[in-house]
Amino acid sequence: MMKPATPKGTRDFGPQEVFKRNYIFSVIKKVFEKYAFLPLETPAMELLSTLSGKYGDEGDQLLFKILKNGDFLEKADAFDNYKKMAFQICEKGLRYDLTIPFARYVAMNRHALTFPFKRYQIQTVWRGDKPQKGRYQEFYQCDVDVVGSNAMLQEAELVCIYDEVFANLHLPVQIRLNNRKILAGIAEVANISDKFMAMTIALDKLDKVGVEGVKKELLGRDIPEAATEFIFKIIQTSSMEQIKKLLQSSPLALEGIAEYEEIMAFLATMPLKNEVVFDISLARGLNYYTGTIFEVLTPAVQIGSLGGGGRYADLTGLFGLPDMSGVGVSFGAERIYDVLEELQLFPETAFSQVEVIFISFDAATLRMAFAYAQQLRAAGICTDIYPDPETKLKKQMKFANDKNAKYVLIIGEEELKNNTISVKNMRDGVQEVMSFTEFYNTLTQS
RNA sequence: GUGGUUGUAGCUCAGUCGGUUAGAGCACCAGAUUGUGGUUCUGGGGGUCGUGGGUUCGAACCCCAUCAUCCACCCCA
């Protein structure tokens with residue numbers, strides 16, 4: 001016999017876990033829909049040509065590729081180059097994120113859509129990453145994006161959505177903002193535009209390695225002393241006015257700062273429940289971001305970000321629809337789950353709750369139980385019946401107890417004859433005899 | 001992808017220097033209690049010690065490989 005197991009980086013979700021995850025989804029969905037986002041689902045598989053080249057070399061490595069059906073070797077000849085070979089023997093791959101499939105969808109349906117188009121999407125994505133805590137090979141993302149609008153209002157709404165969702169989950173977070181234009185401006189003024197990527201990677205580590213660590217990182221990445229000093233000065237500055245002064249010579253940077261200030265102007269009058277901060281070190285990996293970038297962190301638990309996103313000036317251009325700006329953010333459902341679990345923030349209502357379980361003794365009492373159960377179910381009460389009346393009462397009671405039922409309704413010979421039921425309250429152990437109607441009324445009225 | 005950690009009952013773990021028949025708690029099953037769960041008491045079942053190879057008279061323990069796990073890096077939700 002083979003040993004049962006799930007593949008690396010994947011896991012099962014048992015009944016209680018699915019209930020809890022659905023709780024997260026329902027909170028998120030409710031907020032998304034309130035902000036007039038529309039649902040979208042796309043296939044688990046995309047053409048490899050749609051996916052490849054969108055996430056950088058690193059991303060291409062992490063793509064799950066699907067072997068062609070049939071004789072996949074027929075047209076293959078790159079036996080000495082596994083990367084090239086992969087594209088010869090595979091034509092599909094598993095979705096890596098929800099943004100690229102969304103861009104593909106928008107490009108394909110441009111004539112049918114009304115812009116700006118706001119969509120949300122809650123589906124699994126797959127990445128061939130090495131698993132760690134909070135990092136899986138299969139995980140859910142919950143994305144909201146709006147495409148076809150350059151307005152900073154969109155960014156402001158996305159911040160509000162983050163704020164509202166995490167407030168509703170009772171999870172305190174910090175929402176961080178930055179702008180790729182400001183980062184590009186820094187590189188421009190420091191005269192290291194060609195090392196932009198290296199600079200952002202170094203900056204992104206500020207949280208982890210501190211100011212001195214970033215300095216070392218920058219120098220280690222061949223960034224000149226003078227440029228490093230300049231960057232150093234900027235990340236130590238806390239006031240936006242100071243930053244503005246330092247980047248005065250870069251129109252691009254000033255544009256980024258103006259965008260940020262516009263977002264904050266929208267938010268100024270909003271009573272947000274979570275902290276919104278400007279974070280110059282926030283870089284984010286995905287290289288298609290061009291404007292605002294977002295990230296959500298929780299101070300409560302040591303785990304990676306709970307979500308992130310940004311604006312991309314020309315996402316659908318890759319699919320033949322140019323000059324279409326989009327902005328969106330993502331919620332990492334798995335990580336939110338892990339954090340809520342750790343902090344025990346799942347409410348009682350997130351779990352399944354059997355209210356009533358019937359126990360009977362023979363065919364006649366079982367039929368009676370069934371008739372009663374259907375009445376309770378019609379009233380929307382979660383009801384179950386122990387299906388085998390011959391089973392010892394002790395065992396039936398244990399079943400009800402394991403299912404965490406609130407009430408056990410016992411129907412025996414005696415009860416059947418007197419047209420009553422025995423109601424046992426499993427919370428306090430008190431048992432009383434009454435008519436079914438009496439029980440039904442107290443339950444449906446409370 | 002690179003470096004490290006851990007892997008023993010369904011779960012959490014103990015297991016001495018390599019030495020007899022591998023243990024505990026929880027969970028499970030049965031009985032105490034033939035119409036009463038959860039609490040209590042008594043008893044019971046359950047192990048290819050991750051997998052494959054090697055060293056040895058002898059391996060859960062040492063060596064190699066492999067898979068999984070967690071951690072750091074890279075990157076990311």
Side-chain angles (χ1 to χ4, degrees), chain A residues 1-11 14 24 55-62 82-83 96-99 122-143 197-198 200-202 204-205 208-209 213 217 221 283-287 294-298 302-310 328-339 357 359-362 365 386 389-416 421-433:
Chain A
M1 192 191 72
M2 63 161 297
K3 196 176 173 181
T6 61
K8 192 204 313 216
T10 67
R11 57 207 176 138
I24 296 173
Y55 311 107
D57 288 342
E58 196 83 37
D60 272 0
Q61 291 296 311
L62 301 180
Y82 76 98
K83 286 183 187 171
Y96 181 89
D97 73 355
L98 301 177
T99 310
I122 300 178
Q123 287 188 281
T124 1
V125 304
W126 293 269
R127 294 181 191 179
D129 229 331
K130 198 162 179 171
Q132 294 179 27
K133 184 180 176 67
R135 173 181 289 188
Y136 305 97
Q137 293 206 342
E138 178 187 70
F139 60 97
Y140 271 93
Q141 281 194 326
C142 315
D143 273 32
M197 274 298 275
T200 55
I201 290 169
D204 205 34
K205 293 187 182 166
K208 249 180 209 169
V209 298
E217 188 86 23
R221 288 174 186 270
R284 304 219 33 98
L286 294 176
N287 42 22
F294 304 85
E295 185 163 75
V296 176
L297 293 172
T298 176
Q302 186 67 45
I303 197 166
S305 66
L306 299 182
V329 296
S330 180
F331 290 77
E334 254 76 13
R335 285 191 182 170
I336 294 172
Y337 181 105
D338 287 349
V339 170
I357 288 184
I359 286 177
S360 58
F361 293 90
D362 54 28
T365 51
Y386 195 88
E390 306 303 326
T391 307
K392 275 195 282 190
L393 179 62
K394 186 181 170 73
K395 200 166 175 191
Q396 297 197 49
M397 286 298 292
K398 187 171 158 42
F399 171 82
N401 191 61
D402 291 347
K403 293 279 178 184
N404 204 20
K406 254 192 219 150
Y407 299 100
V408 172
L409 303 197
I410 304 166
I411 306 175
E413 216 179 326
E414 199 71 10
E415 287 86 351
L416 195 64
I421 53 173
S422 289
V423 178
K424 177 150 187 173
N425 182 325
M426 294 297 273
R427 300 283 185 270
D428 58 21
V430 174
Q431 182 169 327
E432 36 187 340
V433 177

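Quick note on labels: first sequence line is chain A, next is B, and so on, each numbered from 1.
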Scan [X] against the nucleic acid and name what it touches under 4.0 Å (heavy atoms): base, sugar-phosphate only, or nothing.
| X | result |
| --- | --- |
| A:Gly429 | base |
| A:Tyr136 | base |
| A:Leu306 | sugar-phosphate |
| A:Ile410 | base |
| A:Gln396 | nothing |

Spacing of [X] atom [atom1] relative to [N] atom [atom2], expressed in whole Å:
| X | N | atom1 | atom2 | result |
| --- | --- | --- | --- | --- |
| A:Asp428 | B:U36 | CG | C1' | 14 Å |
| A:Asp338 | B:C70 | CG | C1' | 13 Å |
| A:Arg427 | B:U39 | CZ | C1' | 17 Å |
| A:Gln123 | B:A77 | CD | C1' | 16 Å |
| A:Asn401 | B:A27 | CG | C1' | 14 Å |
| A:Lys205 | B:C76 | NZ | C1' | 13 Å |
| A:Ile411 | B:U36 | CD1 | P | 17 Å |
| A:Ile24 | B:A77 | CD1 | P | 17 Å |

Classify the side chain of [X] and the base of [N] as holding, or not holding, a donor-acceptor pair under 3.5 Å.
| X | N | value |
| --- | --- | --- |
| A:Lys395 | B:G37 | no |
| A:Arg135 | B:C75 | yes |
| A:Arg335 | B:C76 | yes |
| A:Glu415 | B:G35 | yes |

Do [X] and [Y] have side chains that approach each other closer than 4.5 Å (heavy atoms only, starting at C-beta)?
| X | Y | value |
| --- | --- | --- |
| A:Glu138 | A:Pro7 | no |
| A:Ile410 | A:Phe361 | yes |
| A:Ile421 | A:Val433 | no |
| A:Pro131 | A:Lys8 | yes |
| A:Val408 | A:Met397 | yes |
| A:Glu415 | A:Thr365 | no |
| A:Phe139 | A:Arg127 | yes |
| A:Ile359 | A:Leu393 | yes |

Q | A:Asn401 and A:Met426: CA distance, side-chain angles, deciding distance, side-chain contact (heavy atoms from CB on, under 4.5 Å) verdict | A | CA-CA 7 Å; A:Asn401 191 61; A:Met426 294 297 273; 4.0 Å; yes
Q: For A:Ala400 and A:Ile357, work out which heavy atoms get closest and say how close.
A: CA-CD1, 3.7 Å
Under 3.5 Å for both donor-acceptor distances, Watson-Crick or wobble: does [N] have a partner, and if so which one?
| N | result |
| --- | --- |
| B:A65 | B:U51 |
| B:G43 | B:C29 |
| B:A77 | none |
| B:G58 | none |

Can you check the distance between [N] and [M], where both ends of the measurement are the [atom1] atom (answer in whole Å)?
| N | M | atom1 | answer |
| --- | --- | --- | --- |
| B:A30 | B:G53 | P | 40 Å |
| B:G45 | B:G25 | P | 15 Å |
| B:G38 | B:A59 | C1' | 45 Å |
| B:C62 | B:U5 | P | 12 Å |
| B:C67 | B:C76 | C1' | 25 Å |
| B:G50 | B:U6 | C1' | 11 Å |
| B:U16 | B:A60 | P | 12 Å |
| B:U55 | B:C63 | P | 15 Å |

Is the phosphate of [N] approached by [X] (side-chain N or O, under 4.0 Å from OP1 or OP2)?
| X | N | result |
| --- | --- | --- |
| A:Lys398 | B:A27 | no |
| A:Lys403 | B:G37 | no |
| A:Gln132 | B:A72 | yes |
| A:Lys394 | B:G37 | yes |

**Q.** From A:Gln123 atom CD to A:Tyr140 atom OH, the distance as rounded to the nearest 0.5 Å
**A.** 8.5 Å
Q: Measure the spacing between CG of A:Leu62 and CG of A:Asp129 and express it to the nearest 0.5 Å.
A: 5.0 Å
Q) Which sits closer to the 5' end of RNA chain B, A:Val296 or A:Met426, going by the nucleotide each is nearest to? A)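 Result: A:Met426.
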Q.
One pair to check against side-chain hydrogen bond (donor to acceptor under 3.5 Å, both in side chains): A:Tyr55 and A:Asp97. What are the steps and the verdict?
A. CA-CA 10 Å; A:Tyr55 311 107; A:Asp97 73 355; 2.8 Å; yes
Could you run down the sub-3.5 Å N/O contacts of the protein with nucleotides 67-69 of chain B?
unit_1, atom_1, unit_2, atom_2, d
B:U69, OP1, A:Gly9, N, 3.1

Q) Nearest to the side chain of A:Glu414 - B:G31, B:A77, B:G35? A) B:G35
Look for any protein N or O under 3.5 Å of an N or O in nucleotides 43-46 of chain B and output each such pair with its distance, or none.
none

(Q) With the stacking rule set at 5.5 Å and 30°, tell me whether A:Phe331 counts as stacking on B:A77. (A)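 So no, this residue does not stack on that base, at least one cut-off failing.
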